[in-house]
Amino acid sequence: MTTLIRNGTVVTATEFMAADVLIDGEKVVGIAAPGSQPWEEGADKVIDAKDRYVMPGGIDVHTHMELPFGGTYASDTFESGTRAAAWGGTTTLVDFAVQVHGERVMDGYETWMEKAEGNCAIDYGFHMIVGEVTDQSLKDMDTLMGEGVTSFKLFTAYPGVLYSDDGRIFQAMQKAAENGGTIMMHAENGMVIDVLREQAIARGETDPIYHSITRPPITEAEATHRVIAYAELAGCPLYVVHMSVKEAVAEVALARDRGSNVFGETCPQYLFLGWNNLREPDFEGAKYVCSTPVRDWEQGHQEALWKYLATNDLQLVSTDHCPFCMGDHPTLGTQKRLGEGDFTAIPNGMPGVEDRMRMIYHGAVGEGRLSLNRFVEVTSTAPAKMFGMFPQKGTIAIGSDADITIWDPNASHTMSVEHNHMDVDYCAYEGKEVVGQIELVMARGNVLISDGEYHGKPGDGRYIKRGTSQYLI
Ligand code: URP
Ligand code: ZN
Ligand code: ZN
C-alpha cells in the first residue's frame, strides 16, 4: 500500500520545505519537491496537504495508564489512553511500568507488558519505576536494558510509597552508569513536604491549594540539586521529570554548562496552569492537583519554563498523563473526591495526553514563544532522541516510520471535555481557544484519524524496544 501526501509543507526539527511525501507500507520512502516525481500515478491513496503543515507525530514520553495511586487507579487504560493520544496527534508514547515495594522489578514489568499488549492504538515503550532498590532490582535493571527498557525512574518524593533514600538512589545511578541506562528522577524533598502537609492539615488547611503551598519551590530545587550531584558522582545520565520551578531548572542549566549529561522535561500544566486554577471553588481545584504541583503565576515560573525550552536547558515537553475523574468513574468509583476535606488524599495527577500537542502548538507557535521547528523538536524529535527511538521515530525522513500529523495552521480548536476522548470527565483547559487544527494522524502508514473520525483499533500499536539515550556526551 503506497500513500502520497502531496503539496504540503513538511516541517521537522530542522526543515521547513514544500514537499511531497511518499509512504510505502509503514515507512517514508520518498520526499521531493511538489510534483517533481511521478508518484501520484502509482499511489494507492493520495492525501492533499495544500496549505497544511506535515509534521512528525507527537511522542509523549511520560504517561501513566492504569497507574495505582492513592487508593484508586488512573482512569485511562492502554486502550482508551492510546486512542485519545492519537486523537491529539500523538503517535508514540512511553509509559511507566511499576515495581512496588516487596515486588520484583521484572514482575512489575511483565504486568505492564500484559496490560498494554494488544490494547494500544499507537506504538508504545516502557520506562521502569524502581520502587525498591534491592540487589535483585539492580540485576533486573540489567535484564531490562536487553528488553528495550533503558530508563529507570526513582523518587525522592512519596515517602512510604515510591520513595528511595539517597543511598539507594545512588546505587541505582551507579548501575545506570555501568549499563548505559538513564536515571529519571521525580525530584521533590518528600520528607520535608510530608512535615508541611501534616502541619497544614493540623491547622485546618485542607483545600486543594494547600497541595502546592506545602510543596514550595525550594523542595523541588533542593532535590534537583541533590540528585544532579549524585548523578555527576555516579557518572550516569540524569533526566529530571515534570519540572515546574525556575530555580530547579537553573540547576539543570548549571549542570549542562558543566558538560554533564543532565536533562529536564516540563509539561503543559506547568506552562499554562497556576494557583488561580487550584483555588477554583467547590473543590474544582482538585482537577489540577498533581506532583510536582502547578505554581504561583506571580513568581514567574511559567514564562521562565518557556524560556528554558527556547534555550534547550529544558529539552522536551511530555504530559505526565495520569487522569482521575472528578465525579464517580463507572468502574473505579470515587477518585479526586477521595480528597474532599483533606487535600493530602486527592489522587495526584491530571489528564493531558490528548491535549499536549494542541496546547504546546498554541503556546509555542501561536503565541510566538518557540519556532515551528522547535515545537517539533520539543514534542517529537527530542523525546525520540532522549529515549533511543530516533530516527525510526521523531522525524519525517526516508526510512523513518510514517508517523505523521497534518495540521491546518489557519483553523482553531476549542479545548473541551466535549471534544476529548480520554476516559476522564474534565479537560484541564476547558474553553481555551487554540490556534491550529490536527486534521489527519497517521501511525506507521495507517491513517488513525481523518475527517473527524477514528479509524484505528486496539492492537495497532506495537511495543518499541528502545535503545539508549542519543544525547549523551
Ligand atoms: O501527580 C503525578 N505526577 N502523578 C503521577 C505520578 C508521578 O509522580 O509522576
Ligand atoms: Zn513523578
Ligand atoms: Zn509521572
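In what follows, every heavy atom counts, from backbone to side chain, and hydrogens, waters and symmetry copies are set aside. In each ligand, atom 1 is the first atom listed, and ligand 1 is the first ligand listed.
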Query raised in the report: Within a strict 4.5 Å, meaning less than it, do heavy atoms of the Thr319 and Thr63 side chains meet?
Result: yes
Report task. Decide yes or no for Met389 and Gln470: does some side-chain heavy atom of the first lie under 4.5 Å from some side-chain heavy atom of the second? Result -> no
Mark up the atoms of ligand 1 that fall under 4.0 Å of a heavy atom belonging to [X], in ascending order.
{"X": "His186", "answer": "8 (O)"}
{"X": "His62", "answer": "9 (O)"}
{"X": "His242", "answer": "8 (O), 9 (O)"}
{"X": "Phe155", "answer": "8 (O)"}
{"X": "Asp320", "answer": "2 (C), 3 (N), 5 (C), 9 (O)"}
{"X": "Ser291", "answer": "1 (O), 2 (C), 3 (N), 8 (O)"}

Query raised in the report: Which of the N/O/S atoms in His186 sits closest to the Zn ion (ligand 2)?
Result: ND1
**Report entry** N, O or S from Lys153 under 2.8 Å to the Zn ion (ligand 2)
**Finding:** yes
Requested in this report: Classify the contact between Lys153 and ligand 1 as side chain, backbone, both or neither, using a heavy-atom distance cut-off of under 4.0 Å.
Outcome: side chain
Requested in this report: Under 4.0 Å, heavy atoms only, figure out whether ligand 1 is touched by the backbone of Cys290, its side chain, both or neither.
Outcome: both
Query raised in the report: Nearest protein heavy-atom contact for atom 4 (N) of ligand 1: which residue, which atom, what distance?
Result: Asn348 O, 3.0 Å
Report task. Run the numbers on Arg83 and Glu79 for salt bridge (Lys or Arg N to Asp or Glu O under 4.0 Å), then give the verdict. Result -> CA-CA 6 Å; Arg83 186 173 56 235; Glu79 185 185 342; 3.4 Å; yes
Requested in this report: Please confirm whether Phe96 comes under 4.0 Å of ligand 1, counting heavy atoms of the residue only.
Outcome: no
Query raised in the report: Going by heavy atoms, is Met350 under 4.0 Å from ligand 1?
Result: no
Query - N/O separation below 3.5 Å, Thr292 to ligand 1 - result: no
So that I can tick it off, tell me whether [Y] and [X] are bridged by a salt bridge, with the cut-off set at under 4.0 angstrom between side-chain N and carboxylate O.
{"X": "Glu303", "Y": "Lys307", "result": "no"}
{"X": "Lys287", "Y": "Glu430", "result": "no"}
{"X": "Asp95", "Y": "Lys115", "result": "no"}
{"X": "Lys139", "Y": "Asp142", "result": "no"}

**Report entry** Pair Tyr270-Thr292, side-chain donor/acceptor within less than 3.5 Å
**Finding:** yes
Query raised in the report: Angle class for the Phe78/Tyr124 ring planes (parallel below 30°, perpendicular above 60°, tilted otherwise)?
Result: tilted
Requested in this report: Measure from the Zn ion (ligand 3) to every N/O/S atom of His62 and report the name of the nearest one.
Outcome: NE2
Query raised in the report: the Zn ion (ligand 3) is nearest to which N, O or S atom of Asp320?
Result: OD1
Query raised in the report: Is there a donor-acceptor contact under 3.5 Å from the side chain of Asn277 to the main chain of Gly274?
Result: yes
